Amino acid sequence: MVRVRFAPSPTGPLHMGGVRTALFNYLFARKHQGTMILRIEDTDQGRFVPGAEEYIMESLEWCGIQIDEGIREGGKSEPYRQSDRKEIYKQYADQLLENGWAYYSFDSAEDLDAIRKDYESRKETFSYDTQTRTSLRNSLTLPADEVNRLLNSGVNYVVRFRMPENHEIVMQDIIRGEVRVNTSTIDDKVLFKSDGMPTYHLANVVDDHLMEISHVIRGEEWLPSLPLHVMLYKAFGWTDTMPQFAHLPLILKPSGNGKLSKRDGDKLGFPVFPINWNNQETNEIYSGYREAGYFNDAFVNILALLGWNDGTDKEIYSMDELIQAFSLERVGKSGSRFDPEKAKWFNHQYMLLKSDEEIAEEFIKNHKVPAFAGMTGALVTQAEAGARLAVNESGTKAKGSRFRGNDSVTAVTGFEWERVVKIISLVKERAEFVKDIWSQAWFFFEAPTTYDETTIKKRWTPEIPSILKDISALLLPLSPPVIPAKAGPGLRRGDKCSCHSREGGNLLAAEYETLIKGHITSHNLNMGNVMNILRLCLVGSSVGPGVFDIMALLGPAEVIARIDRAVQTIG
RNA sequence: GGCCCGUUCGUCUAGGGGUUAGGACGUCAGAUUUUCAUUCUGGUAGCAGGGGUUCGAUUCCCCUACGGGCUACCA
């Protein structure tokens, strides 16, 4: 029975390395139909940061990492917050004290600091270990009655692990294989602090045992304390149920030195956090992948491939595919530098993978944009549009107009929705993020008012106005006599006017192409020049999707209006 | 400093005693196009160094170098 835990400390936001650790735990749990536990390790009361717990849970939720047992979910090993388990640890410390695996230490933090300084001045490093403990104030050196007197006097003390001397510990790590360490190189770690709280080491081992954790999957920064933990299992007599260990390689900064850390914040030019973190003390906001515009599934995909691969060339994985393919054995040994460029590429791939409708929803949610050139109002989501339309259908205020100016309620019909979807289909391949789409597609929603000087200089020859006039004349018969807002006889609210009958409400792009290209050819005009000029009129510059696609979406009336305006403005 | 872990293109990585060392991002070039992108095709670039073991090492072992982690009454 696989039981794994993600055990963050609520000392601030989770960074992407932490999220990856959570992800690997989750993938492993799901792969083996096991249980995913979220345990909050808040034994350092001094470093507790308000809001951190909520942040952690929200982050995991956004990533689609589901928790089976935790502070919010409950479970058979409750409670899941270590500060709520405080009473449990004392008895285990006592157990070690009784069987001789631990001892009381009365040296104050100040005393030890002074000793450390002294060692440093001699360019040595102090370590509370088998060598030095014989000359320090602890229950190993002090007479029994003195120890009792001190304990009863209420003086501060800690409980330390009594590390045996010159004993070879052989450990197995799923990722690293066999690791050997001699106990003589390890110090006597504090297990129980003077404030009555356990340290990470004690709480971690006790809880993993009590919660019947089968696999401890955590960052490599914990590898140096694995020998201690293994010795603790031995000291408690829990060797036969000791979990298996897997120490994940670290995520490194893209450039420079060191592992990625919370303090990197936004300094690196990309987020290090999954979602925005609002530092309440400094009032600073650190950006997260969610708010930076990353899709949650793309973010998970990026993280999964940082230090793991399934041995194939496959790079795009859904969560289900990750669960299927995941194994700890295929996690690499070496740390990986995070590459923000590739992260963007991943997001672009997900953009392409998602349906136009899905992106349109997201786009509308993020951008309250004007509905259509010449028509005031706001785009709303499909659901909202449906609701509003229903209000209009039954309400008395519906005046037969689909767009009601600056009224508080703006009905948007399916026609507008379809138009946005169509626009998305044209521009999504040009965008890495949904937030890029507006800059790629704004001209579908508002007419340009300025025109790119370089293009004018290059292509706006004296005969251009008359050429454009001819093209306008060509399109005029296609233009409806009235715009939908002033629907004439036979055109009622909700109707689509004839010119909007196809392709999201217009002539097909191909039909414009036939028409205009035919005109250009028959009049011996310069194709490149005319096309670029048309684009300039419609978009204001020389970028964007195909001119005929743009025309098809704008409709003849709007195309003519934009041409007129450009001629008027540029002259 | 001590202890531990690691090292394949700039980056993420596959591979593994005999391979033209494979893929992806980036980058460069070409193609397509009415523009900008996208897309497609192609190019660029790598086994840290030195010793072994071996008929043969990038692959196994050792050393060195480099990188990383830990070295708190923090996790």
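Predicted model, so just to flag it, every value in this text is computed and none were measured. The chains referred to below are lettered A, B, ... by the order of the sequence lines, with proteins before strands, and numbering in each begins at 1.
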Check the distance between [N]'s [atom2] and [X]'s [atom1] and give it to me in whole angstrom.
X         : N      : atom1 : atom2 : answer
Asp436(A) : A37(B) : CG    : P     : 15 Å
Trp222(A) : U71(B) : CH2   : P     : 8 Å
Arg218(A) : C70(B) : CZ    : P     : 13 Å
Met197(A) : C73(B) : CE    : C1'   : 13 Å
Asp129(A) : C3(B)  : CG    : C1'   : 12 Å
Met171(A) : C4(B)  : CE    : P     : 9 Å
Ile251(A) : G68(B) : CD1   : P     : 16 Å
Arg137(A) : C73(B) : CZ    : C1'   : 16 Å

Does Arg47(A) have a side-chain nitrogen or oxygen under 4.0 Å from the phosphate oxygens OP1 or OP2 of A72(B)?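 Arg47(A) to A72(B) OP1/OP2: no side-chain N or O under 4.0 Å.
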
Can a side chain N or O of Lys193(A) be found less than 4.0 Å away from OP1 or OP2 on C74(B)?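 For C74(B), OP1/OP2 do have a side-chain N/O of Lys193(A) under 4.0 Å.
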
Could you tell me whether the side chain of Thr125(A) has a donor or acceptor atom within less than 3.5 Å of a complementary atom in the base of G1(B)?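 Donor-acceptor pair under 3.5 Å: yes.
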
For the base of C73(B), is there a side-chain donor-acceptor partner from Ser194(A) under 3.5 Å away?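 Result: at least one qualifying N/O pair found.
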
So, the side chain of Asp129(A) versus the backbone of Thr132(A): is there a donor-acceptor pair under 3.5 Å, distance only?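 Looks like yes, one N/O pair under 3.5 Å.
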
Short side-chain to backbone donor-acceptor contact, Asp310(A) and Ala325(A), under 3.5 Å: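 No; judged by distance alone, with no hydrogens or angles, the pair does not exist.
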
For the student: nearest non-hydrogen atoms of Ala552(A) and Tyr512(A), plus distance: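 In this case the closest contact between Ala552(A) and Tyr512(A) is CA-CE1, 3.6 Å.
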
Going by the angle between their ring planes, with limits at 30° and 60°, are Phe270(A) and Phe338(A) parallel, tilted or perpendicular?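 Plane angle between 30° and 60°, so tilted.
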
Between Phe126(A) and Tyr119(A), how do the two ring planes meet: parallel, tilted or perpendicular, split at 30° and 60°?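 Ring orientation of Phe126(A) relative to Tyr119(A): perpendicular.
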
Under 4.0 Å between a side-chain nitrogen and a carboxylate oxygen: does that hold for Asp113(A) and Arg116(A)?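 Salt bridge flag = yes for Arg116(A) with Asp113(A).
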
Hey, is Lys259(A) close enough to Glu220(A) for a salt bridge, meaning N to O under 4.0 Å?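 No, Lys259(A) and Glu220(A) are not salt-bridged.
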
Out of C73(B), U39(B), U35(B), which nucleotide sits closest to the side chain of His348(A)?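 Of C73(B), U39(B), U35(B), U39(B) is nearest to the side chain of His348(A).
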
Protein-proximity profile, nucleotides 5-14 of chain B, B/S/- by nucleotide at the 4.0 Å heavy-atom cutoff, equals SSS---SBSS

